[in-house]
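One structure below.
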Amino acid sequence: MTEYEILDLISSNTSDLVTMFTVYLSLVTAYVAVGYFAGAGLSTIQAGALTTLFIFGSVGHALGQYNVTLHSAELFMRLSEIRPLTTFESGYVSTGVAWTVALLIGIAVALGFMWNVRHTKEK
C-alpha cells in the first residue's frame, strides 16, 4: 500500500468519525430534550424503552468511534514503515481513546439527567 492510499484511508476514517460524532450528539441532545420536556410524564415502560434505545444507539456510536480509531492506528503503523510519523500522527490513538471516554461520560451524564428528572420529589 502506498503512502497516498494509507493517507486516503485515514482521511476516510476521519470523515466517518465526524459523521458518527454528529449522530451521537443528535442522540444525546434528543434524549436530554425528551427528559427535560417530557421525562417526568413518561410511564415506566416508555422511559425504559427510550433509555434502552438511547443506550444501544449512543454506546454503539461510542464503540464505533473507538473501532475506527483502532483501524486508523493500524494504518498509521503501516505509514510508519514508509516514513516517520508526525507528532499528531503518533498521538492519534491516545486522542481516540480520550474521545471515546468523553463520549461514554456524556452518556452517563445524560442517563443521570433523565434519572434526576424522573425521580425528583415535588414538595
Side-chain angles (χ1 to χ4, degrees):
M1 197 178 293
T2 67
E3 179 180 359
Y4 174 79
E5 291 170 325
I6 293 170
L7 290 172
D8 187 51
L9 286 171
I10 291 169
S11 177
S12 294
N13 282 351
T14 303
S15 178
D16 290 346
L17 288 172
V18 171
T19 301
M20 291 171 72
F21 180 71
T22 59
V23 172
Y24 163 86
L25 197 56
S26 297
L27 283 168
V28 172
T29 302
Y31 184 73
V32 169
V34 167
Y36 182 77
F37 291 112
L42 294 174
S43 70
T44 303
I45 293 173
Q46 290 170 328
L50 178 67
T51 299
T52 301
L53 289 172
F54 169 70
I55 289 171
F56 277 107
S58 58
V59 171
H61 275 81
L63 294 178
Q65 291 247 9
Y66 181 71
N67 286 332
V68 172
T69 301
L70 288 180
H71 182 250
S72 292
E74 290 176 23
L75 292 170
F76 279 124
M77 287 176 55
R78 284 188 174 189
L79 184 62
S80 71
E81 296 169 358
I82 297 172
R83 65 161 174 81
L85 297 178
T86 65
T87 304
F88 170 77
E89 292 168 344
S90 60
Y92 187 86
V93 176
S94 61
T95 303
V97 171
W99 270 101
T100 303
V101 169
L103 297 180
L104 293 174
I105 289 171
I107 293 166
V109 168
L111 290 170
F113 178 78
M114 180 65 89
W115 177 267
N116 285 338
V117 167
R118 295 205 27 88
H119 292 88
T120 301
K121 295 181 181 174
E122 304 221 3
K123 295 180 181 182

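If you're wondering where the values come from, they're calculated on a predicted model, not measured in any experiment.
Phe21 pairs in a side chain to side chain contact (heavy atoms under 4.5 Å, CB included) with only one of the listed residues (Leu25, Thr19, Val18), which is Leu25.
Nearest heavy atoms, Tyr24 versus Leu103: OH-O, 2.6 Å. The shortest non-hydrogen separation linking Phe113 to Tyr36 is CE2-N, 3.7 Å.
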Using residues 38-52 as the side-chain source, report each donor-acceptor pair under 3.5 Å to any protein atom, sequence neighbours left out, with the distance given to one decimal.
residue : atom : partner : partner atom : Å
Ser43   : OG   : Gln46   : N            : 3.1
Ser43   : OG   : Gln46   : OE1          : 3.4
Gln46   : OE1  : Ser43   : N            : 2.9
Thr51   : OG1  : Tyr31   : OH           : 2.8
Thr51   : OG1  : Ala47   : O            : 2.8
Thr52   : OG1  : Gly48   : O            : 2.7

Listed pairs under 3.5 Å, donor-acceptor, residues 53-67 side chains, sequence neighbours left out:
residue : atom : partner : partner atom : Å
Ser58   : OG   : Phe54   : O            : 2.6
His61   : ND1  : Gly57   : O            : 2.9
Gln65   : NE2  : Leu17   : O            : 3.2
Asn67   : ND2  : Leu63   : O            : 3.4

Item to check | side chain to side chain contact (heavy atoms under 4.5 Å, CB included) between Trp99 and Thr69, intermediate numbers included | outcome: CA-CA 10 Å; Trp99 270 101; Thr69 301; over 6 Å; no
Next on the checklist: Using the rule given for side chain to side chain contact (heavy atoms under 4.5 Å, CB included), can you reason through Asn13 versus Asp16, listing the C-alpha separation, both sets of side-chain angles and the distance that settles it, and then say yes or no?
Outcome noted: CA-CA 5 Å; Asn13 282 351; Asp16 290 346; 4.3 Å; yes
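Criterion: ILVMFWY side-chain heavy atoms under 4.5 Å apart, direct or through other members. Under it, Val117 and Phe37 are part of a common hydrophobic cluster. By the rule that hydrophobic residues join a cluster once side-chain heavy atoms approach within less than 4.5 Å of another member, Val34 and Leu27 end up as members of separate clusters. Hydrophobic cluster membership differs between Ile105 and Leu111, with clusters built from Ile, Leu, Val, Met, Phe, Trp and Tyr side chains linked at under 4.5 angstrom. Using a 4.5 Å cut-off between side-chain heavy atoms of Ile, Leu, Val, Met, Phe, Trp and Tyr, with links allowed through other members, Met77 and Tyr4 fall into different hydrophobic clusters.
Once rounded to the nearest 0.5 Å, the distance linking CE of Met1 with CD1 of Ile82 reads 9.0 Å. Atoms CZ and CD1, on Arg83 and Ile6 in that order, are 9.0 Å from each other to the nearest 0.5 Å.
Annotation: side chain of Leu104 is in contact with side chain of Ile107 (closest heavy-atom distance under 4.5 Å). Residues Leu85 and Leu79 are in side-chain contact: their nearest non-hydrogen atoms beyond the backbone lie under 4.5 Å apart. Using a 4.5 Å heavy-atom cutoff, the side chains of Glu89 and Leu7 are in contact.
Checked by atom type and distance alone, the side chain of Thr29 never pairs as donor or acceptor with a backbone atom of Ser26 at under 3.5 Å.
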